[in-house]
Amino acid sequence: MKTYFFPRDRAFWLYHLSFIFIFLLTQLMSAYFLRDAKLFNAVGAIIWPFLYTTVVLIFRYIYRKRNWSQLGVGKFLLISQALSSTGSVLVIASLAAILFPFFLTELTSVEILEKYDTTTRRMVIFFLFSNFLSTHLFISIWTFMYVGITTKRTEKEITLKNLRLENSLKEAKLSSLTSQLNPHFLFNSLNNIRFKIHEAPTVADDMITALSEILRYSLESYDNGKVLLEQELEVVHRYIEVMSLHLEERLDFQLTVSPSLYDNLIPPMCLQLLVENAIRHGIENIKERSTLTIESIEHWDSIDIIVRNPTVEKPPHSHSSGIGLENIRQRLQLLYNGRASITTIEDNGCFTATLSLPKEL
C-alpha cells in the first residue's frame with residue numbers, strides 16, 4: 001500500500017485540526033491576558049502548530065513506511081521517545097530561530113528581567129526548556145493516540161476480513177454439501193424407477209414426473225441457506241408419491257406437523273433426506289405394510305421435527321454409508337453454530353431421527 005506524506009483520511013485531519021484549533025485558541029487567549037511579552041507569545045502560538053504538525057506528519061510517514069506497527073512494545077517505546085525528543089528539539093530550534101531575531105528584546109526587556117529577578121540567559125534557557133517539555137509531551141500524546149487508533153482500526157479491518165473469509169468458506173462448504181445431495185438423492189430415485197420402467201411404464205412415468213418436480217425444488221433451493229417448512233413438506237409429499245408408486249401398499253405415511261410451524265425456516269432437503277433414509281434403510285426392507293411418521297414438538301424458542309420408521313435386524317457386515325446424516329450434521333453446524341442438532345435412536349425395531357432447530361420466521 002502506498003504511503004502519502006499528507007494523509008488522505010478525512011478523520012485524521014478532522015481530529016488533528018480540531019486539536020490545533022483548541023490549542024491555538026487557548027494560547028491566544030493566554031497571550032491576550034498575559035501582561036508580559038504579549039506579541040511574542042501570540043506569534044509563537046500561531047507558528048508552533050505548523051511546526052508541530054510537520055513533525056507529527058514526519059513521524060506518521062516513517063511509522064507507516066517502515067511498518068513500525070510490527071515492532072515490539074519495548075522497542076517501539078524507545079524509538080518513539082527518541083523521535084519525540086528529536087522532533088521537540090527541531091520545533092523549539094525553529095521557533096527560536098523565527099522569534100528571537102524579532103521579539104527577543106521584548107522577552108528579555110528590563111521590566112521582565114527585574115520582575116522575575118533573572119537574566120537574559122536564564123530567560124532564554126527557561127523559554128527553550130519549558131517549550132521543549134510541553135512540545136515533547138504533546139508529540140508523545142499524539143504518537144500514542146495515533147498508534148492506538150490505527151492499531152484498533154487495523155484490528156477491526158483484520159477481524160472484518162477474517163469474518164468475510166470465514167463466511168466465504170462457510171458458503172463454499174455449504175454449496176459443496178448441498179451439491180452432494182443431488183447425486184445422492186438422484187441415484188436412489190433413479191434406482192427405484194429402474195425397477196418399474198419395464199413392468200409398469202405408466203407408474204414409472206408418474207415417478208419421473210414427480211422426480212422432476214423434486215429436482216426443480218432442489219435446484220431452486222441450491223442458493224438458499226434456508227426455506228420454509230411448508231415448502232420442504234411439499235417436496236416430502238412429492239417424494240412420498242414417488243415411493244408409494246414403487247412400494248405400492250407397503251408404505252403408510254402419517255404427517256402430524258402443526259400448521260403454525262409452516263412459516264419456520266429450515267435448511268432445504270434436510271427433512272426430505274431424513275424421509276429418504278427412513279424408507280431406504282427401513283421400510284423398503286420390510287415386506288409388510290409399515291408406517292412412516294413425521295411429527296413436530298414446539299418449544300418456546302425451538303422446534304423438534306421427528307421422523308420415525310420401523311427397522312429390521314441388519315445382516316452381519318452390512319452397514320450404511322451415513323452420508324445423508326453426516327451431511328445434515330455439517331450443514332446444521334455451519335448454519336446454526338451449535339444452536340441446532342440432529343439425534344438418532346434405534347430401539348425395539350424403531351428408528352427415530354429428531355431434527356432440533358431454533359425458531360426462525
Side-chain angles (χ1 to χ4, degrees), residues 151-186 214-215 217-236 239 255-278 280-281 293-309 320-346 351-361:
T151 300
K152 192 70 176 178
R153 181 180 293 181
T154 301
E155 290 177 353
K156 186 176 181 180
E157 290 174 353
I158 291 174
T159 301
L160 290 174
K161 187 176 181 180
N162 289 338
L163 285 174
R164 292 191 189 101
L165 179 60
E166 184 179 343
N167 288 334
S168 297
L169 292 174
K170 281 187 176 181
E171 290 174 3
K173 191 169 184 180
L174 278 171
S175 297
S176 175
L177 290 170
T178 305
S179 66
Q180 290 176 14
L181 296 180
N182 291 336
H184 182 262
F185 163 72
L186 186 60
I214 296 171
L215 290 177
Y217 166 82
S218 176
L219 293 173
E220 288 176 351
S221 62
Y222 182 83
D223 293 328
N224 297 326
K226 297 170 187 176
V227 296
L228 295 177
L229 175 58
E230 184 178 17
Q231 294 176 283
E232 186 77 0
L233 288 175
E234 288 176 2
V235 80
V236 167
Y239 181 73
L255 176 69
T256 55
V257 175
S258 172
S260 64
L261 300 178
Y262 281 4
D263 290 335
N264 200 82
L265 294 174
I266 71 169
M269 301 300 288
C270 279
L271 182 55
Q272 185 277 334
L273 189 55
L274 290 179
V275 172
E276 181 184 345
N277 281 348
R280 182 169 179 78
H281 301 293
T293 63
I294 300 178
E295 58 188 69
S296 65
I297 299 177
E298 183 176 5
H299 307 283
W300 72 275
D301 64 342
S302 63
I303 62 171
D304 291 340
I305 303 174
I306 303 167
V307 180
R308 187 177 289 111
N309 63 276
S320 170
S321 63
I323 293 175
L325 293 177
E326 183 59 29
N327 183 295
I328 293 175
R329 287 191 181 95
Q330 292 185 40
R331 293 171 71 200
L332 292 179
Q333 179 60 32
L334 288 171
L335 287 169
Y336 299 99
N337 194 27
R339 296 184 299 118
S341 64
I342 180 171
T343 56
T344 57
I345 300 175
E346 188 169 2
F351 185 85
T352 303
T354 302
L355 188 63
S356 300
L357 302 169
K359 282 185 178 179
E360 289 184 346
L361 300 176

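Treat the numbers as computed from the prediction; the structure is a model and nothing was measured.
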Closest non-hydrogen atom pair between Arg331 and Pro268, with its separation: NH2-O, 2.7 Å

Where Tyr239 and Val275 come nearest, the two heavy atoms and their spacing: CD2-CG1, 4.0 Å

Pair Leu229-Ile305, side chain to side chain contact (heavy atoms under 4.5 Å, CB included): steps then yes or no: CA-CA 10 Å; Leu229 175 58; Ile305 303 174; 3.8 Å; yes

Min side-chain heavy-atom separation [X]-[Y] under 4.5 Å:
X	Y	answer
Leu228	Leu233	no
Phe351	Thr344	yes
Cys270	Lys226	no
Leu355	Val307	no
Val257	Ile294	yes

Side-chain donor/acceptor of Gln272 to backbone N/O of Glu232, under 3.5 Å: no

Polar side-chain atom of Lys359 near backbone of His299 as donor-acceptor pair, under 3.5 Å: yes

Residue pair Arg329, Gln333: steps toward the side chain to side chain contact (heavy atoms under 4.5 Å, CB included) verdict: CA-CA 6 Å; Arg329 287 191 181 95; Gln333 179 60 32; over 6 Å; no

Candidates Thr354, Leu357, Leu332 - the one meeting side-chain contact (heavy atoms from CB on, under 4.5 Å) with Ile342: Leu332

Would you compute the distance between atom [atom1] of [X] and atom [atom2] of [Y] and round it to the nearest 0.5 angstrom?
X	Y	atom1	atom2	value
Leu335	Ile328	CG	CD1	12.0 Å
Leu273	Asn327	CG	CG	6.5 Å
Thr256	Ile306	OG1	CD1	8.5 Å
Ser258	Glu298	OG	CD	6.0 Å
His281	Leu325	NE2	CG	8.0 Å
Leu261	Glu230	CG	CD	11.5 Å

Leu361 CG: over 12 foreign heavy atoms closer than 6.0 Å: yes

